[in-house]
Amino acid sequence: MEQNKSKMPMIKKGTGKRLLGYIFNHYKPQMIVVIICIVLSGVASTVASVFLKQIIDNCITPGLKYGMGKVWGQLITYISIMATVYAIGVIASFIYSRIMATVTQGTLKSLRDDMYNKMETLPIKYFDTHAHGDIMSTYTNDTDAIRQFIGQSAPMILQSMLTILAIIIMMLSFSFWLSLIAAFFIYMILFVSKKYSTHSAKYMMKQQKTLAQEEGFVEEMMEGTKVVKVFVHENETKASFDWINENLFHDSNEANRAGNVLMPIVANIGNLMYVVISFVGAIMVFAHGTNIGLSGIGLMTAGIIISFLGASRQLSQTIGQISMQVPLIAMAMAGAGRVFELMDQEPEEDEGYVTLVNAKKDADGNLVESDEKTHIWAWKHFHEADGSTTYTELKGDIQMEHVDFGYTPEKQILYDISLYAKPGQKIAFVGATGAGKTTITNLINRFYDIPEGKIRYDGININKIKKPDLRRSLGVVLQDVNLFTGTVMDNIRYGRLDATDEDCIAAAKLANADDFITRLPDGYDTMLTDNGSELSQGQRQLISIARAAVADPPAMILDEATSSIDTRTEALVQQGMDNLMKGRTVFVIAHRLSTVRNSDAIMVLDHGHIIERGTHDDLIKEKGVYYQLYTGAFELE
């Protein structure tokens with residue numbers, strides 16, 4: 001079967017130790033109390049066998065022979081002690097259960113916080129190479145498996161191990177020979193448990209993987225429902241879902257089938273052990289009572305046999321409970337491994353030290369740093385050699401010198417790219433899909449670092465500029481718009497969180513978005529959900545442009561910014577875009593060549609090479625590739 005081809009997820013060595021260390025680092029005092037309470041609870045669960053022997057041998061048997069009146073006081077003493085010990089066990093169980101509820105949820109909160117904090121530091125490359133559904137599964141399925149381990153499996157395992165140790169010591173103290181019989185059956189239980197629990201653990205981990213696949217598929221189909229219906233692919237989609245669901249059924253069935261048959265088998269082996277010990281124990285009691293010479297068996301009484309039988313039953317049940325936790329522990333370790341794998345990812349490197357600050361000119365006309373918003377920005381450059389600090393006005397002068405780049409070493413995307421954009425210039429990139437247009441803008445943002453060449457911003461190598469400051473100086477409007485759950489005003493303010501309502505409205509007017517926003521049911525307070533699905537694609541793009549406008553960046557990157565806007569809307573937007581671009585360095589990526597006619601320079605790219613450059617009129621006169629694209633002889637793909 002196809003599903004059997006998938007490999008079992010590997011558990012990284014030391015994952016369990018690291019997870020326990022993580023818990024203790026956050027909740028050390030609470031965990032010490034929990035361990036003490038578990039020890040008390042485990043010991044309390046085994047005292048029944050000890051006191052049962054004492055009650056039978058010291059109270060009931062003499063009482064039947066000499067009368068209960070003579071042993072009544074002793075019986076009350078034993079029962080009182082038992083009740084006290086059980087009460088301590090109940091209280092201890094209550095305390096550690098309450099504490100573990102807080103520890104479990106607190107640990108999961110800390111894990112999610114740490115994962116998200118680390119995720120925010122990761123480079124774009126990580127998200128380009130990892131499926132988003134797989135990352136989401138780490139926050140949901142994997143953390144839920146960890147929850148079961150912390151809240152259920154770990155305490156149960158610890159208590160069970162203590163119980164087993166106490167029972168073994170007690171059984172050896174009662175009878176070495178009966179302990180040997182019990183050891184044989186315990187070996188059988190362990191053999192069966194290992195076989196079935198390992199099989200169950202294998203498919204439990206596979207189940208987590210196929211569950212993530214199914215969730216990702218359903219999410220993808222929900223987002224693409226219109227496309228599915230337009231192309232009438234309902235049946236194909238159902239078939240794909242059935243195949244994934246069949247895999248999930250197979251893995252879940254195998255996991256649960258092995259888990260479900262384990263306890264009945266363990267219980268029956270335990271029953272068989274109970275019968276054999278009863279039979280042998282009865283013979284030993286009879287031999288002791290009739291003085292038959294069975295040398296070496298030691299003292300054997302009815303109290304010992306009854307207590308031993310209770311202990312053996314408790315032992316088999318406890319081992320069975322541990323075996324049932326093995327698959328859950330394996331699943332939790334696999335989940336913890338994926339969580340720690342995300343947390344161990346190398347953060348985005350940022351060796352920059354040049355920062356962006358508000359500046360003003362002093363009486364001598366020199367730039368100095370200002371605490372007030374002045375609409376003048378400067379690069380603050382600390383020179384370690386002499387300890388001096390210089391300020392370079394941010395003008396938007398961007399140069400690329402002999403840049404080579406590839407997302408992977410095996411596949412180069414850009415070849416010897418050299419270009420410049422003077423302050424206030426509009427530079428356009430045109431070319432077929434995959435020519436490298438967006439890659440150039442990604443490099444300017446330092447989403448990726450270049451192995452060869454240099455990129456300078458106002459004469460400063462961008463490797464020296466801190467990434468947050470570099471990106472703060474660049475406004476970006478993408479083809480794919482992302483609107484967040486919140487009001488229209490909130491989404492515009494996302495460009496600059498300290499912007500006032502008046503700033504946001506002014507930005508919307510600049511982008512010509514104010515007209516349609518004011519006609520919404522609640523105007524700027526209209527709530528947007530599901531990535532702004534209530535709006536048209538053009539309206540969503542207008543809000544995105546307004547978001548960039550309120551950020552008021554010195555330089556702009558427009559990546560197919562008007563591709564989703566109809567011709568009439570584009571005419572309204574173009575005026576706002578022109579206003580937005582005044583005084584700024586602007587990089588424009590466009591398939592619609594009418595939007596780049598007024599550019600100061602147009603770069604024509606083909607397979608990572610700049611093959612033509614110049615103004616619109618110059619390129620038309622050359623009658624090269626741009627001319628053929630513009631006149632329709634060629635079409636952009």
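If you take CD1 on Ile376 and NZ on Lys360, they are separated by 10.5 Å, rounding to the nearest 0.5 Å. Annotation: the span from Ile505 atom CD1 to Leu510 atom CG amounts to 13.5 Å, rounded to 0.5 Å. Separating the OH atom in Tyr407 from the CG atom in Asn442 is a distance of 4.5 Å, to the nearest 0.5 Å. Here Thr441 contributes atom OG1 and Ile589 contributes atom CD1; the two are 4.0 Å apart, rounded to the nearest 0.5 Å. Considering CG of Leu605 and CG of Leu419, their distance stands at 8.5 Å, rounded to 0.5 Å. Remark: Ile450 CD1 to His402 NE2 distance equals 11.5 Å, nearest 0.5 Å.
Side chains of Val586 and Gln425 form no contact here, defined as non-hydrogen atoms less than 4.5 Å apart. When side chains are defined from C-beta on, Ile440 does not count as touching Phe587, because their heavy atoms never get closer than 4.5 Å. The closest side-chain heavy-atom distance from Leu111 to Met343 is below 4.5 Å.
By the 4.0 Å N-to-carboxylate-O rule, Arg446 lies close enough to Glu351 to be salt-bridged with it. Here Asp503 pairs with Arg496 in a salt bridge; the nearest charged N to carboxylate O distance falls below 4.0 Å.
Under the salt bridge (charged side-chain N to carboxylate O under 4.0 Å, His left out) criterion, Asp371 pairs with no residue, sequence neighbours left out. With sequence neighbours excluded, no residue forms a side-chain hydrogen bond (donor to acceptor under 3.5 Å, both in side chains) with Asn463. Contacts of Glu348 classified as salt bridge (charged side-chain N to carboxylate O under 4.0 Å, His left out), with partners at least two apart in sequence or in another chain: Lys467, Arg471. In terms of the side-chain hydrogen bond (donor to acceptor under 3.5 Å, both in side chains) criterion, residue partners of Tyr448 (sequence neighbours excluded) are, by chain and number, Asp128. With sequence neighbours excluded, the residues forming a salt bridge (charged side-chain N to carboxylate O under 4.0 Å, His left out) with Glu401 are Arg456, listed by chain and number. Not a single side-chain hydrogen bond (donor to acceptor under 3.5 Å, both in side chains) links Asp606 to another residue, sequence neighbours left out. In this structure, Asp514 has no salt bridge (charged side-chain N to carboxylate O under 4.0 Å, His left out) partners at least two apart in sequence or on a different chain. Ser388 is linked by a side-chain hydrogen bond (donor to acceptor under 3.5 Å, both in side chains) to Asp386, counting only residues two or more places apart in sequence or in another chain. Taking the side-chain contact (heavy atoms from CB on, under 4.5 Å) definition, one finds that Asp501 meets it with Met489, Arg493, sequence neighbours left out.
Formation of a donor-acceptor pair under 3.5 Å by the Asp362 side chain with backbone atoms of Asp364 is found in this model. Remark: the backbone N or O of Phe447 is not paired with any side-chain donor or acceptor of Lys125 at under 3.5 angstrom. Looking only at distances, a side-chain donor or acceptor of Glu534 sits under 3.5 Å from a matching main-chain atom of Thr529. Under a 3.5 Å cut-off, the side chain of Asp458 and the backbone N or O of Lys395 do form a donor-acceptor pair.
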> Could you go step by step and tell me if Tyr626 and His616 meet the side-chain hydrogen bond (donor to acceptor under 3.5 Å, both in side chains) rule?
Replying inline: CA-CA 9 Å; Tyr626 179 81; His616 170 78; 2.8 Å; yes

> Hey, mind stepping through Glu612 and Ile602 against side-chain contact (heavy atoms from CB on, under 4.5 Å) and telling me if it holds?
Replying inline: CA-CA 8 Å; Glu612 293 180 3; Ile602 299 172; over 6 Å; no

> How far apart are the C-alpha atoms of Ile543 and Val481, what are their side-chain angles, what is the distance that settles it, and do they pass the side-chain contact (heavy atoms from CB on, under 4.5 Å) test?
Replying inline: CA-CA 9 Å; Ile543 292 179; Val481 181; over 6 Å; no

>> Let's go through Val588 and Phe429 carefully: what are the C-alpha distance in whole Å and the side-chain angles of both, what is the deciding distance for side-chain contact (heavy atoms from CB on, under 4.5 Å) to 0.1 Å, and is it a yes or a no?
In response: CA-CA 6 Å; Val588 178; Phe429 299 111; over 6 Å; no

> Given Ser110 and Asp113, is the side-chain hydrogen bond (donor to acceptor under 3.5 Å, both in side chains) satisfied, shown in steps?
Replying inline: CA-CA 5 Å; Ser110 298; Asp113 285 342; 5.6 Å; no

> Should Leu535 and Leu542 be marked as a side-chain contact (heavy atoms from CB on, under 4.5 Å) after you check the CA-CA gap, both sets of side-chain angles, and the distance that decides it?
Replying inline: CA-CA 10 Å; Leu535 306 177; Leu542 289 172; over 6 Å; no

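Closest non-hydrogen pair, Met119 versus Ile135, comes out as SD-CG2, 4.0 Å. Thr143 approaches Leu108 most closely through the heavy-atom pair O-CD2, 3.4 Å. Closest heavy-atom contact between Ile517 and Ala508: CD1-CB, 4.1 Å. The shortest non-hydrogen separation linking Met527 to Thr487 is SD-N, 3.9 Å. Minimum interatomic distance between Pro553 and Leu474 (heavy atoms only, all atoms of both residues): CB-C, 3.9 Å.
No close placement of the Tyr22 and Phe24 rings is indicated, their centers lying 6.0 Å or farther apart.
The list of salt bridge (Lys or Arg N to Asp or Glu O under 4.0 Å) pairs with a residue in residues 403-421, not counting sequence neighbours, is empty. The list of ring-ring contact (aromatic ring centres under 6.0 Å, His included) pairs with a residue in residues 463-498, not counting sequence neighbours, reads Phe484-Tyr494. Residue pairs meeting the ring-ring contact (aromatic ring centres under 6.0 Å, His included) criterion with at least one member in residues 108-129, sequence neighbours excluded, are Tyr126-His130.
Atom CE of Met136 sits in a sparse spot, with 12 or fewer heavy atoms from other residues, nucleotides or ligands closer than 6.0 Å. Other residues, nucleotides and ligands contribute at most 12 non-hydrogen atoms within 6.0 Å of the CD atom of Glu384. Open room surrounds NZ on Lys464; 12 or fewer heavy atoms of other groups in view lie less than 6.0 Å from it. In this structure, Glu622 places its CD atom where more than 12 heavy-atom neighbours from other residues, nucleotides or ligands lie under 6.0 Å away. Surrounding CD of Glu369 are more than 12 heavy atoms belonging to other residues, nucleotides or ligands, all under 6.0 Å away.
For Lys422 and Tyr420, the positive end sits near the middle of the six-membered ring, less than 6.0 Å away and at most 45° from its axis.
Each of Tyr457, Tyr391, Tyr353 was evaluated against His381; a single residue qualifies, Tyr353, per the ring-ring contact (aromatic ring centres under 6.0 Å, His included) test. The side-chain contact (heavy atoms from CB on, under 4.5 Å) test with Ile146 singles out one residue from Val339, Ile23, Thr107, and that residue is Val339.
Between Tyr415 and His609, the ring-plane angle classifies as parallel under the 30° and 60° cut-offs.
Between the side chains of Thr390 and His383, at least one donor N or O sits under 3.5 Å from an acceptor N or O.
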